[in-house]
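Below you'll find the structure, written out as structure tokens, and then a few comments.
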2 protein chains.
Amino acid sequence: MKRKITLKQIARELDVSISTVSKALRNSAEISDDTKQKVQAFAKLYNYRPNNIALSLKNRKTKTIGIIIPEIVHYFFAKVIRGIELVANRRGYNVIIGLSNESFNKEVINMEMLANGSIDGFVLSISKDTLAQQDYHHFYETINQGMPIVMFDRVVNEVNCDKVIVDDLKGSKKAVNKLIENGCKNIAIITTKDYVSVGKLRTQGYLEALEDHGIEPQSDLILKIVEELDSEDHLEDLEAEIEQLFKENKKIDGVFAVNELYALTAMKIARKLKKKIPEDIQFIGFTDGVLSKHATPSLTTVSQHAQTMGEQAAELLIDKLENEDDEENYQTVVIETELIERESTK
Amino acid sequence: MKRKITLKQIARELDVSISTVSKALRNSAEISDDTKQKVQAFAKLYNYRPNNIALSLKNRKTKTIGIIIPEIVHYFFAKVIRGIELVANRRGYNVIIGLSNESFNKEVINMEMLANGSIDGFVLSISKDTLAQQDYHHFYETINQGMPIVMFDRVVNEVNCDKVIVDDLKGSKKAVNKLIENGCKNIAIITTKDYVSVGKLRTQGYLEALEDHGIEPQSDLILKIVEELDSEDHLEDLEAEIEQLFKENKKIDGVFAVNELYALTAMKIARKLKKKIPEDIQFIGFTDGVLSKHATPSLTTVSQHAQTMGEQAAELLIDKLENEDDEENYQTVVIETELIERESTK
DNA sequence: TTGTACGCGTTATCAG
DNA sequence: CTGATAACGCGTACAA
């Protein structure tokens with residue numbers, strides 16, 4: 001078992017100084033061709049590679065991006081990561097991941113851990129817990145220390161940084177418009193509590209779309225799910241809530257759900273209640289997921305272009321990292337959504 | 001914007017030496033209570049945290065685990081990562097991710113990048129490309145350099161290291177036995193080419209289960225999909241292959257598929273051919289995925305316990321990292337599979 | 001009780 | 001053309 005070889009070892013073996021070796025390997029003009037060849041040959045033989053940690057310490061940059069996301073077992077976030085990783089690698093960066101698991105504490109701890117020199121900047125999406133508590137001190141502190149942050153999807157206006165978001169409002173308007181065009185008269189929305197920014201915006205889009213068409217919103221058609229029911233473990237409770245919605249509002253002929261799970265669960269309940277899709281009720285979800293594509297019937301969705309979001313976020317961050325100048329110049333990139341029509345709508 | 005504070009700065013401000021500060025912060029008995037308090041108060045005020053990079057360089061360990069996986073937009077791998085991250089964080093480690101994207105080259109490049117000091121050890125699953133080429137030199141080299149590797153799921157006997165696998169053979173036998181018990185007489189298998197180790201083992205399990213029940217395997221019931229059709233982009237081709245299978249073998253009354261996509265696609269085709277599930281044909285998949293749970297009908301599967309695999313792999317790696325002694329003592333942990341019965345079987 | 005010196009691996013600067 | 005030295009930030013053995 002040979003340990004990784006260092007400049008020092010090469011220097012000793014070849015009986016030259018460390019700095020000579022260093023220069024020879026970087027093809028410096030200062031070094032004679034003779035020595036260069038000797039050193040380079042030796043280095044290649046022993047497969048010399050400079051130690052990243054030492055370089056990081058010296059250069060005060062790690063060439064590593066920290067990602068903080070609430071959850072990895074989630075198609076949307078996984079796709080964003082793929083996008084980030086793609087761009088990061090292309091631009092010579094690595095990617096290190098911290099999961100907040102939707103918890104404020106884990107988000108803070110993970111960020112502190114990574115901020116102490118391990119990374120050059122963050123790409124992150126805020127946990128629900130943090131959004132509910134509205135405590136953003138860890139973001140401010142990080143930014144104050146000169147470490148840039150790019151937020152995506154779940155962002156917050158209070159924090160001044162680059163952002164990549166989806167046009168949630170326009171996207172959900174597109175969806176609801178589609179339902180209206182398709183003849184739906186009583187459109188329900190299944191959404192989250194308002195502190196989840198995207199949920200709020202999507203609800204707003206729903207309301208605006210109705211308004212645009214002169215339809216009076218009915219509060220009993222708006223179902224706001226508490227976050228606790230989001231997990232797969234509480235599927236039954238989610239189902240119960242949705243079933244109640246349908247039972248109390250038999251006239252529902254269109255459903256807009258702000259995520260995949262809600263949409264699929266709603267379709268499941270509708271089937272259980274012997275409703276035909278899309279004849280009796282039409283469904284549209286808001287997501288990028290696989291479930292939608294493979295559901296029966298397949299689900300019409302508003303696609304968020306998750307991978308593009310990741311790519312853009314990584315570009316923004318690396319641009320900031322590599323341009324000292326435009327420090328205080330933050331931008332918000334809006335990714336266009338796209339309505340993907342499948343079998344759950346007419 | 002205040003940059004992160006260092007020992008040196010604290011020392012200068014308080015007009016003591018760097019080592020005094022260092023010792024004071026670690027509560028060394030050498031330092032007077034007076035100085036300790038002064039230093040600690042100052043450090044707290046400026047929120048001092050030791051620089052990870054400097055510590056890594058000094059200690060020659062990064063407290064970071066490198067993960068190399070073929071694909072992140074994949075429920076199984078995402079769950080494994082969650083398991084790794086869980087254990088890693090609990091034991092004070094971070095997690096850095098490299099995606100091979102199923103390519104040999106990217107696998108090698110990513111590993112080299114991380115191996116140069118960025119991490120202490122790898123947890124990885126081999127790319128299909130690498131398995132096909134059977135070129136494992138990068139694994140050997142990494143191990144030779146004293147950097148431990150733990151492989152999971154897609155492993156290879158040639159490489160001597162810790163491994164975490166699923167009892168693929170037993171798992172698929174369970175599945176096929178179930179189909180046989182349920183009265184299936186003509187059971188097809190949809191699997192991968194043999195170089196994917198798990199595909200091979202699962203095929204073998206299928207054959208053994210048949211044999212155990214005195215059923216003669218029929219080669220036209222064994223469909224081996226080329227890897228190119230795995231991606232979502234080639235769904236139509238996959239569908240065509242499966243449709244042909246069904247059309248040429250109308251007597252098929254049971255299907256065992258080695259992954260989720262194959263199983264769902266097969267169910268879709270069966271429906272298209274007006275077969276009733278599970279009355280006419282029963283289906284079992286091999287996977288942990290969400291698709292199975294939410295499919296219509298929901299899919300009976302052999303669960304791999306992905307998260308447990310990740311946890312075990314991380315434990316193995318960290319154990320090795322923290323115990324210098326048991327160097328050459330490699331073990332293979334086998335995770336038991338579990339048959340989860342849903343609507344696609346009787 | 002405090003401070004000095006060293007080393008982790010690298011590169012840049014300056015001296016020889 | 002080559003080598004010594006300093007610095008990145010930290011911890012620790014040893015000296016004062």
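Naming: A, B, ... by sequence-line order, numbering from 1 per chain.
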Rounded distance in Å - CZ (A/Arg12) to C1' (D/dG3)
17 Å

Determine, for B/Asp15 against B/Lys38, whether the closest basic-nitrogen to carboxylate-oxygen distance falls under 4.0 angstrom.
no

Could you check how far CG of B/Asn27 sits from P of D/dT12, rounded to whole Å?
14 Å

Between B/Lys63 and B/Asp120, does any side-chain N to carboxylate O distance fall below 4.0 Å?
no

Does a salt bridge link B/Glu13 with B/Lys8, judged by any charged N lying under 4.0 Å from a carboxylate O?
no

Between its two end axes (five pairs each) the helix from C/dT1-D/dA16 to C/dG16-D/dC1 turns, nearest 10 degrees, through 70°

Between P on D/dG3 and CD1 on A/Ile31, what's the gap in Å once rounded to a whole number?
8 Å

Electrostatic pair A/Glu85-B/Lys106, nearest N-O below 4.0 angstrom:
yes

Between B/Asn51 and A/Asp33, which residue's closest nucleotide on DNA chain D lies nearer the 5′ terminus?
A/Asp33

On DNA chain C, more 5' by nearest nucleotide between B/Ser32 and B/Asn59 is B/Ser32

Result for side-chain hydrogen bond (donor to acceptor under 3.5 Å, both in side chains) between B/Asp135 and one of B/Gln133, B/His137, B/His138 points to B/His137

With a 4.0 Å limit, can you tell me whether A/Arg60 has a side-chain N or O closer than that to the phosphate oxygens OP1/OP2 of D/dG9?
yes

Would you say A/Thr35 places a side-chain N or O within less than 4.0 Å of OP1 or OP2 belonging to D/dT2?
yes

Sub-3.5 Å donor-acceptor pair from the side chain of B/Glu71 to the main-chain atoms of B/Val73, do we have one?
yes

Just to be sure I understand the rule, does A/Leu55 reach a base, reach only the sugar-phosphate, or reach nothing, if contact means heavy atoms closer than 4.0 Å?
sugar-phosphate

How close or far is atom P of C/dT10 from atom CG of B/Leu57, stated in whole angstroms?
9 Å

Salt bridge (charged side-chain N to carboxylate O under 4.0 Å, His left out) partners for A/Glu311, two or more places apart
none

For B/Ile5 and D/dC8, what is the distance between atoms CD1 and C1' respectively, to the nearest whole Å?
17 Å

Quickly work out the A/Lys61 NZ to D/dG9 P distance and round it to whole Å.
14 Å

Please confirm whether the shortest side-chain N or O distance from A/Tyr48 to OP1 or OP2 of C/dT10 is below 4.0 Å.
yes

Ignoring hydrogens and angles, tell me if any N or O in the side chain of A/Asp129 forms a donor-acceptor pair with the backbone of A/Ser103 under 3.5 Å.
no

Calculate the interatomic distance between A/Leu7 atom CG and C/dT10 atom P; express it in whole Å.
4 Å

Have a look at B/Ser22 and say if it touches a base, only the backbone sugar-phosphate, or nothing, with a 4.0 Å heavy-atom cut-off.
base

Of the listed C/dT11, D/dT12, D/dC8, the closest approach to the B/Arg26 side chain comes from D/dT12

Just the atom pairs and distances: protein N or O near nucleotides 3-7 of chain C's N or O, under 3.5 Å.
unit_1	atom_1	unit_2	atom_2	d
C/dG3	OP2	B/Ser17	N	2.9
C/dG3	OP2	B/Ser17	OG	3.4
C/dG3	OP2	B/Thr20	OG1	2.6
C/dG3	N7	B/Ser19	OG	3.4
C/dG3	O6	B/Lys23	NZ	2.2
C/dT4	O4	B/Ser19	OG	2.9
C/dG7	N2	B/Lys58	NZ	2.9

According to the interplanar angle, ranging from 0 to 90°, do the rings of B/Phe152 and B/Phe76 count as parallel (below 30°), tilted (30 to 60°) or perpendicular (above 60°)?
tilted

Can you see whether B/Ser118 engages A/Asn52 through a side-chain donor-acceptor pair at a distance of less than 3.5 angstrom?
yes

